[in-house]
Novice: 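Mind looking over this structure? Questions follow.
For this chain, numbers begin at 1 and follow the sequence in order. The figures here come from the full heavy-atom set of this structure, side chains too, leaving out hydrogens, waters and symmetry mates.
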Amino acid sequence: MRAVQITRFGGPEVLDVVDVPEPEAGPGRTLHDVSAAGVNYADTHQIENSYLAAQQLPLIPGAEFVGTPVGGGQRVVGLLDGGGYAERVAANDRLTWAVPDAVTDEQALSLVLQGTTAWHLLRTSAHLAEGETVVVIAGAGGVGSLAVQLARRWGAGRVIATASSPEKRALAEELGAHATVDPALADDDPKQFTGALREANGGKPVDIVLEMTGGNVFSGSLSALAPFGRLVTYGMAARQETPSVPPGMLMQKSRAVLGFWLAHCMARPDMLDAAMTDLLAMTADGSLKPVAGGRYPLSNVKDAHQDLLARRTTGKLVLDPSR
């Protein structure tokens, strides 16, 4: 069986397609032929061993797949604890969901990790209330492009997205953002980024920020919050140190900083069921539009990671194990 396996930690250069033993099915675990595997920003941390959980070598990256049971059956999308960059995977039956015929492989992969993250960021962590202002960092990315749409659908009064190019900012606005901001404003001074976010909100502070960068973007976003505002952090894309937050800074404005990691929902499958049921139905009826970001042959996995790290992509990237 062909799979992407790494035997040392590093950047995209460590990704190699090799022959490995087929995974084994067992009680509650079904062996699937993979038609598409999802690529996530967290995967770039995983192969560096710089993410939240320590990794063990040898390692087959990948946390999501679309496929069918070996021998035939219903097409499903599923979450994995690793091993997704492969021709076959053994998946926990409790973490797979039937894919409606109207939903493509790319759309399903957009939902299972990034979509459920966006859903829970707004519903479970931020507790979005109707009329609140939501800032979505990286609003043209996999999570962000869905969060922009969900925030609008669920009654946000104003949605502000950040994106690193005019083309990405235009996409975020097409998806429903009322205004966009260039995150490069935070490169030299987080106060400049704070000012840009407030200016995009008519000069007022914002209620919610969904933040996945860290560093100056985190600091500038936190300062932009209104009293009782919430910043939900769910990534570390900048790979730079984020200053600590003194309790007094939170108390002065009754602000909150929350963390979110989807791995904790995997231990509570009912939380994922609620999100996936909602997201698949909205996608099937066309009211939610996941953004396809590119389909790469498994043999070109290095290109997928390099494009993601260089911010050349929008939406969902997938790997095709048949190529």
Novice: Would you tabulate the side-chain donor-acceptor contacts of residues 316-323 under 3.5 Å, counting partners in other chains and residues two or more places apart, or write 'none'?
Specialist:
from   : atom 1 : to     : atom 2 : distance (Å)
Lys316 : NZ     : Val39  : O      : 3.3
Lys316 : NZ     : Asn40  : OD1    : 2.9
Lys316 : NZ     : Glu64  : OE2    : 2.3
Lys316 : NZ     : Gln114 : OE1    : 3.4
Asp320 : OD1    : Ser322 : N      : 2.9
Asp320 : OD1    : Ser322 : OG     : 2.6
Asp320 : OD2    : Ser322 : OG     : 3.3

Novice: Donor-acceptor pair, Arg152 side chain versus Gly176 backbone, under 3.5 Å?
Specialist: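 Flag set: sc Arg152 to bb Gly176 pair under 3.5 Å.
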Novice: Check whether any side-chain N or O of Ser223 sits under 3.5 Å from a backbone N or O of Gly220 as a donor-acceptor pair, and report yes or no.
Specialist: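 Answer holds: no.
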Novice: For the side chain of Glu211 and the backbone of Thr213, is there at least one donor-acceptor N/O pair under 3.5 Å apart?
Specialist: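 At least one qualifying donor-acceptor pair exists.
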Novice: Which pair of heavy atoms, one from Leu231 and one from Leu222, lies closest together, and at what distance?
Specialist: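 What the structure gives for the nearest pair is CD1-N, 3.6 Å.
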Novice: Ignoring hydrogens and angles, tell me if any N or O in the side chain of Arg295 forms a donor-acceptor pair with the backbone of Ala36 under 3.5 Å.
Specialist: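 No.
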Novice: Quick one: does any side-chain atom of Asn216 pair with a main-chain N or O of Asp187 as donor and acceptor, under 3.5 Å?
Specialist: yes
Novice: Considering residues, nucleotides and ligands other than Glu199, do more than 12 of their heavy atoms fall under 6.0 Å from its CD?
Specialist: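 It does not: Glu199 CD has 12 such atoms or fewer within range.
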Novice: Does this structure show an ion pair linking Asp273 with Arg94, if we count only N-O contacts that are shorter than 4.0 Å?
Specialist: yes
Novice: Pairs of donor and acceptor atoms involving the side chains of residues 300-308, under 3.5 Å and at least two apart or interchain, shall be tabulated with distances.
Specialist:
from   : atom 1 : to     : atom 2 : distance (Å)
His305 : NE2    : Tyr85  : OH     : 3.0
Asp307 : OD1    : Arg312 : NE     : 2.9
Asp307 : OD1    : Arg312 : NH2    : 2.8
Asp307 : OD2    : Tyr296 : OH     : 2.8

Novice: Surrounding CZ of Arg311 (heavy atoms of other residues, nucleotides or ligands, distance under 6.0 Å), is the total greater than 12?
Specialist: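 Result for CZ/Arg311: open.
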Novice: May I ask you to check whether over 12 heavy atoms, not counting those of Phe9, lie within 6.0 Å of atom CZ?
Specialist: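 Count over threshold, so yes.
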Novice: Step by step, work out the side-chain contact (heavy atoms from CB on, under 4.5 Å) result for Leu258 and Arg230.
Specialist: CA-CA 7 Å; Leu258 304 96; Arg230 291 88 72 200; 3.9 Å; yes
Novice: Within the distance-only criterion (no hydrogens, no angle test), does the side chain of Thr277 pair as donor or acceptor with the backbone N or O of Ala274 below 3.5 angstrom?
Specialist: no
Novice: Work out which heavy atom in Val217 is nearest to a heavy atom in Ala186; give both atom names and the distance.
Specialist: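 Distance-wise, the nearest heavy atoms are CG2-CB, 3.8 Å.
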Novice: Which atom pairs, one a donor and one an acceptor, fall under 3.5 Å between side chains of residues 70-78 and the rest of the protein, sequence neighbours left out?
Specialist:
from  : atom 1 : to     : atom 2 : distance (Å)
Gln74 : NE2    : Val99  : O      : 3.4
Arg75 : NH1    : Val103 : O      : 3.1
Arg75 : NH1    : Asp105 : OD1    : 2.7
Arg75 : NH2    : Pro100 : O      : 3.1
Arg75 : NH2    : Val103 : O      : 2.8

Novice: Quick check on Asp285: does its CG atom have over 12 non-hydrogen neighbours (other residues, nucleotides or ligands) under 6.0 Å away?
Specialist: yes
